[in-house]
Amino acid sequence: MATTYTISDLAKEFDLTTRAMRFYEDMGLLQPEREGPGGRNRVYSARDRTRLKLTLRAKRLGLSLTEAKEIIDSYDSPRDTAPQLRKFLDILTDHRQKLQAQMVDLQANLDELRVHEKETRMLLSKAEKSK
């Protein structure tokens, strides 16, 4: 029999809320089976667990959930991995470029803050000496 998980099992294992798990399901990242009266109980497969793990890894890399879904969905087609890897590389390259641009902006902000701090310290020093 295949290993299955409840929403609580996976939420606990990955330190998530069940609300987050339902959100990932709404985004199409997870596709649990439904059991019980009215299909109220979610039953996650080993595939869902792997998809959740990959989703969280993509989030740690700073990718959007949409980007994560694109990448993860591309691996559902096991035939040719070259297009999948190309897509993954394109997304990673784009994301790296965005982060580098943000880093340049942050460095400019830090440089400006340093100038203002220096000026403010000098003014404060002058004000305190004139007392």
Side-chain angles (χ1 to χ4, degrees):
M1 183 169 162
T3 303
T4 59
Y5 308 89
T6 66
I7 193 169
S8 298
D9 292 337
L10 291 180
K12 187 174 185 176
E13 178 180 351
F14 292 100
D15 195 26
L16 298 169
T17 63
T18 54
R19 184 175 183 212
M21 297 283 299
R22 289 188 296 274
F23 180 71
Y24 293 152
E25 181 182 343
D26 291 343
M27 293 288 296
L29 289 157
L30 304 174
Q31 299 160 347
E33 296 293 321
R34 298 296 188 126
E35 290 182 354
R40 288 188 56 209
N41 300 328
R42 291 168 171 83
V43 179
Y44 295 89
S45 65
R47 178 180 179 272
D48 288 313
R49 184 184 175 279
T50 299
R51 288 178 65 92
L52 179 58
K53 190 174 185 177
L54 292 171
T55 298
L56 297 175
R57 183 176 298 157
K59 277 187 62 180
R60 278 193 305 278
L61 287 172
L63 302 178
S64 71
L65 290 179
T66 303
E67 290 169 322
K69 184 176 181 336
E70 281 181 49
I71 293 167
I72 294 167
D73 285 348
S74 73
Y75 284 93
D76 283 343
S77 165
R79 291 281 176 203
D80 182 12
T81 59
Q84 298 156 346
L85 292 171
R86 212 172 286 114
K87 175 76 172 172
F88 186 44
L89 183 59
D90 289 345
I91 290 172
L92 289 177
T93 300
D94 182 57
H95 188 64
R96 181 184 42 77
Q97 290 170 344
K98 287 176 186 172
L99 287 175
Q100 286 173 325
Q102 288 175 347
M103 199 148 56
V104 167
D105 290 343
L106 284 172
Q107 190 59 54
N109 285 342
L110 285 171
D111 292 344
E112 187 176 347
L113 281 172
R114 285 185 192 100
V115 168
H116 290 298
E117 285 176 333
K118 185 178 179 181
E119 290 173 358
T120 304
R121 282 191 180 95
M122 286 181 4
L123 291 170
L124 181 60
S125 178
K126 285 181 185 178
E128 289 173 342
K129 284 180 184 177
S130 67
K131 282 187 176 183

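Tracing side-chain contacts under 4.5 Å through hydrophobic residues (I, L, V, M, F, W, Y), one never reaches I72 starting from F88; they form parts of separate clusters. I71 and L29 are assigned to two separate hydrophobic clusters, defined by single-linkage of ILVMFWY side chains at heavy-atom distances under 4.5 Å. Both M27 and L54 are part of a single hydrophobic cluster, where members link through side-chain heavy atoms under 4.5 Å apart. In terms of hydrophobic clustering, with Ile, Leu, Val, Met, Phe, Trp and Tyr side chains grouped at heavy-atom distances under 4.5 Å, I7 and F14 are assigned to a common cluster.
Taking each heavy atom of L61 and H95 in turn, the nearest pair found is O-NE2, 2.8 Å. Of all heavy-atom pairs spanning V43 and D48, the tightest one is O-OD2, 4.4 Å. Closest heavy-atom contact between R114 and Q107: NH1-NE2, 3.6 Å.
Considering only heavy atoms from C-beta on, T17 stays 4.5 Å or farther from R22 through its side chain. In this structure, L30 and L10 have side chains that are not in contact, with every pair of non-hydrogen atoms separated by 4.5 Å or more. R49 places none of its side-chain heavy atoms less than 4.5 Å from the side chain of D9. Side-chain contact between L65 and Y24 is present, with heavy atoms from C-beta onward closer than 4.5 Å. Within the 4.5 Å cutoff, the side chain of T93 has heavy atoms near those of the L89 side chain.
Remark: D94 engages K98 in a salt bridge, criterion side-chain N to carboxylate O under 4.0 Å.
Atom CZ of R51 and atom OG of S45 lie 9.5 Å apart (nearest 0.5 Å). The OH atom of Y44 sits 9.0 Å away from the OG1 atom of T6 when rounded to the nearest 0.5 Å. Interatomic distance, H116 NE2 to K118 NZ, rounded to the nearest 0.5 Å: 13.5 Å. In this structure, D90 CG and R86 CZ are separated by 8.5 Å, a value rounded to the nearest 0.5 Å. The CZ atom of R60 sits 6.5 Å away from atom CG of L56, with the distance rounded to the nearest 0.5 Å.
Within 6.0 Å of CZ on F23 lie no more than 12 heavy atoms contributed by other residues, nucleotides or ligands. Heavy-atom contacts from other residues, nucleotides or ligands closer than 6.0 Å to CG of D105 number more than 12. In this structure, Q31 places its CD atom where more than 12 heavy-atom neighbours from other residues, nucleotides or ligands lie under 6.0 Å away.
Just one of K69, R19, R42 meets the salt bridge (charged side-chain N to carboxylate O under 4.0 Å, His left out) condition when paired with E25; it is R42. Among E128, K126, M122, the one residue that satisfies the side chain to side chain contact (heavy atoms under 4.5 Å, CB included) test with L124 is E128.
No donor-acceptor pair closer than 3.5 Å links the side chain of S125 to the backbone N or O of R121.
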